[in-house]
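Notes to accompany the following structure.
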Amino acid sequence: AARGAVAQAALPTLVGVRAMEPVFFVALEADSASQHAALDAALSCLTLEDPSLHVRASRETGQLLLAGMGELHLEVAASRLRRDFDVPVRVGRMRVAYRETACVAEPLEHSLFTERALAGKAHPVQLSLRLSAESLDATHAYCSPTAAAAAAADLAAPLEERLKRQDREALLSGLEDGLAAGPLAGFPAMGVRAELLEAIFEPGVP
């Protein structure tokens, strides 16, 4: 048993292949409501076989989106859904998943004072944010493994220590929602780090 354990420990470990973030996507819709479960199961099999295929739900419309590396890639995937998994599916027009990033030499800090109306009463909120870019080169922001096709949202350590858990979660969720829809055209941000430095509000406001 000990010899087998040593032999097993000596086996080499292969490093996984990181697939690039897909930039083309189509909307998928099952032919009938009864096919939704079959479509979900078939997509799970496809993405397991091909990690470069991504499936997500649209934040705006709730549509099921299939993202891939190009038009032919998506056409083959849709064909396999019909042929190999026997799932009739309607495919929308192919679109490009653009991304936004920040190309600044130094981190930018910005403070905001606003008011939120809750139960007919205005509640003041003051926020301070630091925004930094991973690189001045937008291409690097897309290709870098550390960017991971997403932006990073964090709370400054002093702020995190004094906030309650539910307030931390609410503020982080707000930061992530903001990074998911950039200011230029509403596309997700990447290669960007947003750190909330200060948040002053009445309890329960976030």
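Being a predicted model, the structure only gives us computed values, none of them experimental.
- The two residues Ala194 and Leu131 come nearest to each other via the heavy atoms CB-CD1, 4.0 Å.
- No donor-acceptor pair under 3.5 Å is formed between the side chain of Arg80 and the backbone N or O of Leu46.
- Scored by the salt bridge (Lys or Arg N to Asp or Glu O under 4.0 Å) test, Glu100 finds no partners at all (sequence neighbours excluded).
- A heavy-atom distance below 4.5 Å is found between the side chains of Arg193 and Asp154.
- The line from CZ of Arg95 to CZ of Phe25 is 4.0 Å long, rounded to the nearest 0.5 Å.
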Taking distance alone, no hydrogens or angles, what donor-acceptor pairs closer than 3.5 Å link side-chain atoms of residues 65-75 to residues at least two apart or in another chain?
residue : atom : partner : partner atom : Å
His73   : ND1  : Met69   : N            : 2.9
His73   : NE2  : Asp50   : OD2          : 2.7

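- A continuous path of ILVMFWY side-chain contacts below 4.5 Å connects Met94 to Val91, so both sit in one hydrophobic cluster.
- Residues His110 and Ser128 have side chains not in contact (no heavy-atom distance under 4.5 Å, counting atoms from C-beta outward).
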Take Val89 and Glu29 through the test side-chain contact (heavy atoms from CB on, under 4.5 Å) and record every step on the way to the result. CA-CA 6 Å; Val89 63; Glu29 185 178 352; 5.8 Å; no
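- Among residues at least two apart or in separate chains, side-chain hydrogen bond (donor to acceptor under 3.5 Å, both in side chains) pairs with a member in residues 170-182 are Arg59-Asp177.
- Residue Leu129 comes nearest to Glu195 through the heavy atom pair CD1-O, 3.4 Å, listed as atom of the first residue, atom of the second, then distance.
- At a threshold of 4.5 Å between non-hydrogen side-chain atoms, the residues Leu196 and Leu175 count as touching.
- Hydrophobic clustering (side-chain heavy atoms under 4.5 Å, transitive across Ile, Leu, Val, Met, Phe, Trp, Tyr) groups Val26 together with Tyr98.
- Glu169 has its side chain out of reach of Leu171: every pair of non-hydrogen atoms, C-beta onward, lies at least 4.5 Å apart.
- Follow the hydrophobic side-chain contacts under 4.5 Å out from Val76 and you never reach Val23; the two are in separate clusters.
- The shortest distance between side-chain heavy atoms of Arg130 and Leu108 does not fall below 4.5 Å.
- Contact check for Val55 versus Leu28: no side-chain heavy atoms found under the 4.5 Å cut-off.
- Within the model, atoms CG of Leu39 and OG of Ser44 stand 9.5 Å from one another, a figure rounded to the nearest 0.5 Å.
- Considering CG of Leu127 and CG of Leu197, their distance stands at 10.5 Å, rounded to 0.5 Å.
- Taking every heavy atom of both residues into account, Leu159 and Ala199 meet most closely at CD1-N, 3.8 Å.
- Taking a 6.0 Å sphere around CZ of Arg162, one finds it holds more than 12 heavy atoms contributed by other residues, nucleotides or ligands.
- Inter-residue side-chain proximity for Pro124 and Phe201 is flagged as unmet; no heavy-atom pair is nearer than 4.5 Å.
- Across all their heavy atoms, Ala122 and Glu115 have their closest contact at CB-OE1, 3.6 Å.
- In terms of modelled atom types and a separation under 3.5 Å, the side chain of Arg82 and the main chain of Pro88 share no donor-acceptor contact.
- Scanning both residues, Ala42 and Val87, for their nearest heavy atoms gives CB-CG2, 4.2 Å.
- When hydrophobic clusters are built by joining Ile, Leu, Val, Met, Phe, Trp and Tyr residues whose side-chain heavy atoms come closer than 4.5 Å, directly or via intermediates, Val96 is grouped together with Phe187.
- Rounded to the nearest 0.5 angstrom, Gln35 CD and Leu81 CG are separated by 11.0 Å.
- The cluster map of Ile, Leu, Val, Met, Phe, Trp and Tyr, joined by side-chain heavy atoms under 4.5 Å apart, puts Leu64 and Leu53 in the same cluster.
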